[in-house]
Amino acid sequence: MPARYYPRHRGGVTAPRRAMVTAISLVSFFILAIVALAQLREGGSRHSAKFASRAEHVALGKEARAAATGDKYLIGVGKADITGPVVEVNMAGYANTDQVGSGLRQRLYSRAFIVGEVGKPANRFIYLILDTQSGDTAVRFGILEGVAALGSSYSVYGQSNVAVTGTHSHSGPGGWFNYLLPQITSLGFDKQGYQAIVDGAVLSIKRAHESLQEGYLDVGATNITDANLSRSLYAYLANPATERAQYSDSVDKTLTMLKFKRASDMKNIGVLTWYPVHGTSMLGNNTHISGDNKGLSAYLFEQSVKGESTTAVGFVAGFSQANVGDTTPNTLGAWCDDGSGTMCSFETSTCADGKSQSCHGRGPEFQKLDLGVSSCYEIARRQFAGAKSLYTALGSSSTAVVGPTVKSFHYYNDMRYFKFPLDNGTIVQSCPAALGHSFAAGTSDWPGAFDFTQGDSGAPNNPLWSVVGGLLRVPSPEQVACQSPKPVLLDVGEMETPYAWSPNIVDVQTLRVGQFIIIVSPSEATTMAGRRWRDAVKASATSLSLTNGVEPIVVLGGPANTYAHYVATPEEYGIQRYEGASTLYGPWQLPAYVNLTLQALPYLAPTATGSPPPGPSPPDNRKSSLSFITGVMVDNAPIGTSFGACSAQPKASYTRGAVVNATFVGANPRNNLRLEGTYAAIEKLAADGTTWSQVRSDEDWSLVYTWTRTNFVLGYSSVVISWETSGSDAAGTYRVKYYGDSKPLIGSIKAFFGTSNSFTLS
Ligand SMILES: *[C@@H]1O[C@H](CO)[C@@H](O)[C@H](O)[C@H]1NC(C)=O
Ligand SMILES: *[C@@H]1O[C@H](CO)[C@@H](O)[C@H](O)[C@H]1NC(C)=O
Ligand SMILES: *[C@@H]1O[C@H](CO)[C@@H](O)[C@H](O)[C@H]1NC(C)=O
Ligand SMILES: *[C@@H]1O[C@H](CO)[C@@H](O)[C@H](O)[C@H]1NC(C)=O
Ligand SMILES: *[C@@H]1O[C@H](CO)[C@@H](O)[C@H](O)[C@H]1NC(C)=O
Ligand SMILES: CC(=O)N[C@H]1CO[C@H](CO)[C@@H](O)[C@@H]1O
């Protein structure tokens, strides 16, 4: 395999040491190509449920008003394209080595929301939502550097007030992570994709900053009952019965919304929402890039306000992830695809053979067998519909955000043996990062490749895992004791060769505007973990009088700033299903996170000055990361053809609902990411019979771009552009457009385009 390295040795490393590091790296990569199949996998459940589609909304808190007459803030929204390489790069989330991009269904975006205190320029925060698997340390470093480079008016943004969250989509390209473990399936660090995310995020911030103006914030909530489910109910049931009795569901059903309304004409410029559901609607064998259900919800919302007079100009809809850990969009439950017709085991998400491989969660449209596309659309539509009806209701019966204060804090904490008291005074500690055996089993959203079972307590069915895990690093006795009862499979927190495998240093961050408080979590909090954390913040904020007697409203957003896998409750940890096994820092991770948040909460007080000590900096692995991702060699058009030539024309006519396909002589899309542009388009002929205008692009869910390398040696490839038309598309005459860029063996990359014959839709 041709290998390409980014510079990875700092000065002063001796040659033998370098050779050893290289050897270890190669061995690690080889072994880990296998281990990686298990990495970042998702957890299982077995129950089914009947759902009544229902969305009720209420104003939150005690300050409901007839009209939004809360305090004025500076508000701004912005959006920009972050789509990285859509082909030939492994996708992030399922850690399925076979899942390599083959095209694009919908472009990925960064959505930026800025809230500031009027008259106090330093009091401001940015909440970013990336259509990515998570926030990340490398990406966050890049964004902070990029924002600083924008000039002095951006100097108010920095470590403390920029929150980088991911939607937890499992259908975007990988390769941009700071740490080794999540780089493994992507064969290392991909500079191109990393840069696309950073540049787009910075551009979205610039746009939000430039749109800053005075305005109001409304806050409300609605219950969306049919878009999520617990995939780890067995672990959830380990939480105390008295605590569970306070809740009617095993997952949170509440979507919370902040509505951004400008003061100049009282029109809305954006919404920011939180709702917990995994970005696993698209299955682990889908290879088209998309933002999964949250990216699509945002698109549906933004499309829906486009017709609303002038309000839609620059309107940005953010669908942020909440306490997502044990949620699934597979709302029909997890079933054994082994012909038995039974659900997977409740305790371990396995089937009759004792293995997890045939256990699969079913989305609402699973029977369509389309790699999750229809289920994804349905889960997105349900979130969008709940959000839209809340949006419409908010304003008449809304709660205004009140209290002028905008504050934030951020610091780093090293989780290695961090000691702190529990509520009853007992001193406990968190541990270096480690993943347990059930991590390898994966989840019912996509099972592991080997026959580990959920809840495994140390004797995996497949001994290979113990052998491989032990080869990588034998956990120290101190670590084993600290992590107990987790059986350590991957001792990632004690592995620093060739560079850190997983974060030991995490971001602790919280933002507030008026009575609205946002916990920014580096880990995927399970349902109950999120509830405890929010409740603790709410109680502390109340007792500290942070919100001047107004009831605090607390949400949790993440995974953000870095990817620190999961945080389950200590009781769920005891069960060691996937979420507990992926709770990196041991049984007391949640109380540690709560302690760290509460410690700094006084910094959010209206009169507070200063900020907490910054803590130890995490490693920056951007320069030292390995990469085995090869670049594009060459593109050629087969003899007698040319780039962009339409080699298979669409039919002359289609009826609405049909799929229109056109095939072109293509070139590798990695030659040019066409950020803020498009690879594919549909053009419609105007009534004048001569003017064509673009009506669909890469932004649209219904337009799909598929690239296939047809001859690796000669550099041939073909592109199929598919338009999935629907009953709501206008009848008319259309054509397909393809935009590409080809790379000669010598010389520079050249842009080209292709156009199909026209066809009618009726
Ligand atoms: C959502 O459902 C919960 C539990 O049934 C209920 O307590 C809450 O009031 C509901 N919230 C809204 C906004 O309807
Ligand atoms: C994708 O995975 C699902 C779930 O395992 C399976 O039912 C389906 O057949 C797979 N599709 C393809 C094309 O491999
Ligand atoms: C958090 O832990 C520290 C010790 O690490 C302790 O001093 C402090 O009181 C704890 N704070 C809270 C809010 O529990
Ligand atoms: C405090 O609570 C923890 C967790 O529930 C428990 O393990 C410990 O024994 C308790 N300590 C005391 C002194 O009750
Ligand atoms: C259109 O192209 C896609 C992608 O290659 C393919 O999966 C599909 O079967 C084609 N559909 C039709 C109707 O030709
Ligand atoms: C298993 C589960 O969580 N089921 C719940 C799903 O949501 C509906 C509607 O809120 C509840 O009735 C179910 O109990």
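Ligands are counted one by one from 1 in listed order, and the atoms in each one are counted from 1 as well.
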Note: ligand 4 atoms sitting under 4.0 Å from heavy atoms of N424 are 1 (C), 2 (O), 3 (C), 8 (C), 10 (C), 11 (N), 12 (C), 14 (O)
Considering distance alone, does some N or O of D337 sit under 3.5 Å from an N or O of ligand 2?
no
How far apart are the C-alpha atoms of H278 and H170, what are their side-chain angles, what is the distance that settles it, and do they pass the side-chain contact (heavy atoms from CB on, under 4.5 Å) test?
CA-CA 9 Å; H278 249 88; H170 282 50; 4.0 Å; yes
Regarding D700 and Y299, do their side chains bring together a donor and an acceptor under 3.5 Å, going by distance alone?
yes
Every pair of nitrogen or oxygen atoms between ligand 5 and the protein that is under 3.5 angstrom apart - can you list them with their distances to 0.1 Å?
residue  : atom   : partner : partner atom : Å
ligand 5 : 2 (O)  : N661    : OD1          : 3.3
ligand 5 : 2 (O)  : N661    : ND2          : 2.4
ligand 5 : 2 (O)  : S722    : OG           : 3.4
ligand 5 : 11 (N) : N661    : ND2          : 2.9
ligand 5 : 14 (O) : N661    : ND2          : 3.0

With backbone taken as N, CA, C and O and side chain as the heavy atoms from C-beta onward, which portion of W446 lies under 4.0 Å from ligand 2: side chain, backbone, both, or neither?
side chain
Is the ring centre of W723 less than 6.0 Å from the ring centre of Y734?
yes
Atoms in ligand 4 flagged as close to W588, the criterion being non-hydrogen separation under 4.0 Å
4 (C)
Establish, from distance only, whether the side-chain atoms of W446 and T280 form a donor-acceptor pair under 3.5 Å.
no
Between Q576 and S438, is any side-chain donor less than 3.5 angstrom from a side-chain acceptor?
no
Which atoms of ligand 4 are found less than 4.0 Å from any heavy atom of L422?
2 (O), 3 (C), 4 (C)
Are the gamma sulfurs of C351 and C336 separated by less than 2.5 Å?
yes
Is it the side chain (CB and beyond), the backbone, both or neither of L371 that lies under 4.0 Å from ligand 2, heavy atoms counted?
side chain
Looking only at the aromatic ring of each residue, does the gap between the centers of F753 and F643 stay below 6.0 angstrom?
no
Could you tell me if D729 and T725 have a donor-acceptor pair between their side chains, going purely by distance under 3.5 Å?
no
Answer with yes or no after comparing the ring centroid distance for Y738 and Y679 against a 6.0 Å cut-off, counting only values under it.
no
